[in-house]
Visitor: 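Quick one: the structure is below, questions incoming.
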Amino acid sequence: MDKLLTIGALARTERLAPETLRYYERVGLIEPTRRTASNYRLYGPEAKRRLRFIRRAQTLGFSLAELGELLSLHARPEADMGAVKALTEEKISDIDQKIADLQRMRAGLDALAGQCPGHGSTAECPILGALLREDQ
């Protein structure tokens with residue numbers, strides 16, 4: 001039988017704050033295997049697997065809500081994997097949009113930096129002047 005861990009022990013094992021685990025429980029991402037008579041949470045191997053899943057999915061940019069959907073699909077083996085692919089493609093589209101936004105911001109900052117000689121009074125700074133203009 002696998003050893004059950006308290007919330008503190010699981011948090012240490014997975015390098016998370018106990019509050020993070022409590023939050024994940026509140027939003028339905030993990031749940032204790034059982035509770036002790038004194039109401040302490042005890043977690044089994046499934047919680048550790050879910051936490052690793054959550055961590056990996058977060059590094060790929062999935063939000064907690066999206067993680068919940070993915071975990072829900074995982075819990076239903078009869079569900080169509082097309083739903084997982086659709087969520088993944090939607091995340092790719094979101095990332096592409098963020099990249100486009102970042103490139104636009106970089107181009108704007110690059111243009112502003114190119115206008116600034118980098119010396120002299122801030123009263124004459126073209127970067128500050130562009131940010132203060134009322135026509136934008």
Side-chain angles (χ1 to χ4, degrees):
M1 181 173 174
D2 290 308
K3 182 179 176 188
L4 298 178
L5 301 173
T6 64
I7 196 166
L10 180 61
R12 280 189 301 280
T13 300
E14 297 302 315
R15 296 184 183 106
L16 293 168
E19 270 308 307
T20 300
L21 297 179
R22 287 185 193 97
Y23 178 74
Y24 287 170
E25 184 181 341
R26 277 194 308 273
V27 299
L29 295 178
I30 65 167
E31 59 184 47
T33 302
R34 65 182 179 87
R35 289 184 181 255
T36 66
S38 53
N39 210 28
Y40 284 101
R41 296 167 176 89
L42 295 175
Y43 296 91
E46 178 59 21
K48 289 176 82 170
R49 278 191 291 277
R50 280 180 167 253
L51 289 171
R52 290 185 182 128
F53 178 96
I54 290 166
R55 187 174 298 122
R56 288 177 188 138
Q58 284 179 318
T59 64
L60 293 172
F62 287 103
S63 69
L64 292 182
E66 292 163 337
L67 284 165
E69 289 182 62
L70 290 170
L71 286 167
S72 174
L73 287 164
H74 173 69
R76 295 182 359 250
E78 75 285 355
D80 184 22
M81 72 174 77
V84 176
K85 184 173 182 175
L87 279 170
T88 302
E89 288 174 338
E90 188 175 314
K91 181 51 59 184
I92 291 168
S93 179
D94 291 347
I95 290 169
D96 286 342
Q97 183 60 53
K98 288 177 184 178
I99 289 170
D101 290 344
L102 288 169
Q103 288 173 331
R104 181 187 46 75
M105 288 187 292
R106 189 193 189 292
L109 289 170
D110 193 43
L112 288 173
Q115 296 171 13
C116 182
H119 55 83
S121 167
T122 57
E124 302 300 319
C125 178
I127 297 171
L128 294 176
L131 296 173
L132 290 168
R133 270 200 322 254
E134 291 185 27
D135 64 337
Q136 292 183 357

Visitor: If Ile, Leu, Val, Met, Phe, Trp and Tyr residues are connected whenever their side-chain heavy atoms lie under 4.5 Å apart, and connections chain through other members, are F53 and V84 in the same group?
Guide: yes
Visitor: Could you tell me which non-hydrogen atom of L112 sits nearest to which non-hydrogen atom of A130, and how far apart they are?
Guide: CD2-CB, 3.4 Å
Visitor: Do L10 and L71 share a hydrophobic cluster (ILVMFWY, side-chain heavy atoms under 4.5 Å, transitive)?
Guide: yes
Visitor: Considering only heavy atoms from C-beta outward, does the side chain of L73 approach that of L87 to under 4.5 Å?
Guide: yes
Visitor: Do Q58 and I54 have side chains that get closer than 4.5 Å, going by heavy atoms?
Guide: yes
Visitor: Look at atom CD of E31 and say whether more than 12 heavy atoms of other residues, nucleotides or ligands are closer to it than 6.0 Å.
Guide: no
Visitor: What's the spacing between H74 NE2 and R50 CZ if we round to 0.5 Å?
Guide: 7.5 Å
Visitor: Begin with the C-alpha distance, continue with both residues' side-chain angles, and end with the deciding distance and a verdict on side-chain contact (heavy atoms from CB on, under 4.5 Å) for T6 and L42.
Guide: CA-CA 5 Å; T6 64; L42 295 175; 4.0 Å; yes
Visitor: Quick check for you: to the nearest 0.5 Å, what is the distance between R56 atom CZ and R52 atom CZ?
Guide: 7.5 Å
Visitor: Please name the pair of heavy atoms, one in I7 and one in P18, separated by the smallest distance, quoted to 0.1 Å.
Guide: CD1-O, 3.7 Å
Visitor: Would you tabulate the side-chain donor-acceptor contacts of residues 97-106 under 3.5 Å, counting partners in other chains and residues two or more places apart, or write 'none'?
Guide:
residue : atom : partner : partner atom : Å
Q97     : NE2  : D101    : OD1          : 3.0

Visitor: Would you please test E69 and K91 for salt bridge (Lys or Arg N to Asp or Glu O under 4.0 Å) and show each step?
Guide: CA-CA 13 Å; E69 289 182 62; K91 181 51 59 184; over 6 Å; no
Visitor: Within a radius of less than 6.0 Å around CZ of R35, do more than 12 heavy atoms belonging to other residues, nucleotides or ligands occur?
Guide: yes
Visitor: Using the side-chain contact (heavy atoms from CB on, under 4.5 Å) rule, take R49 and E46 through it: C-alpha gap first, then chi angles, then the decisive distance, then the call.
Guide: CA-CA 5 Å; R49 278 191 291 277; E46 178 59 21; 3.1 Å; yes
Visitor: Answer with yes or no whether the hydrophobic clustering places Y40 together with L4; edges join I, L, V, M, F, W, Y residues whose side-chain heavy atoms lie under 4.5 Å apart.
Guide: no
Visitor: Less than 3.5 Å apart, any donor N or O on the side chain of E124 or S121 sitting next to an acceptor on the other?
Guide: no
Visitor: Return yes when atom CZ of R55 has more than 12 non-hydrogen atoms of other residues, nucleotides or ligands closer than 6.0 Å, and no otherwise.
Guide: yes
Visitor: Is there a side-chain contact between L29 and Y23, using heavy atoms and a 4.5 Å cut-off?
Guide: no
Visitor: Which atom pair, heavy atoms only, marks the closest approach of T33 to G44?
Guide: OG1-N, 2.9 Å
Visitor: Evaluate the side-chain proximity of D94 to E66: yes if any heavy-atom separation is below 4.5 Å, no if none is.
Guide: yes
Visitor: Given the rule that I, L, V, M, F, W and Y join up when any side-chain heavy atoms are under 4.5 Å apart, are F62 and L64 in one cluster?
Guide: yes
Visitor: Is L60 close to T88 at the side-chain level, that is, under 4.5 Å between some pair of heavy atoms?
Guide: no
Visitor: Please assess L5 against K48 for the test side-chain contact (heavy atoms from CB on, under 4.5 Å), listing each intermediate value before the final yes or no.
Guide: CA-CA 10 Å; L5 301 173; K48 289 176 82 170; 4.3 Å; yes
Visitor: Cut-off 3.5 Å, side chains only: do Y43 and E25 have a donor facing an acceptor?
Guide: yes
Visitor: Please give me the minimum heavy-atom distance between C116 and I127, naming the atom from each residue.
Guide: CB-CD1, 3.8 Å
Visitor: In Å and rounded to the nearest 0.5 Å, what is the CD1 to CG distance from I30 to L51?
Guide: 5.0 Å
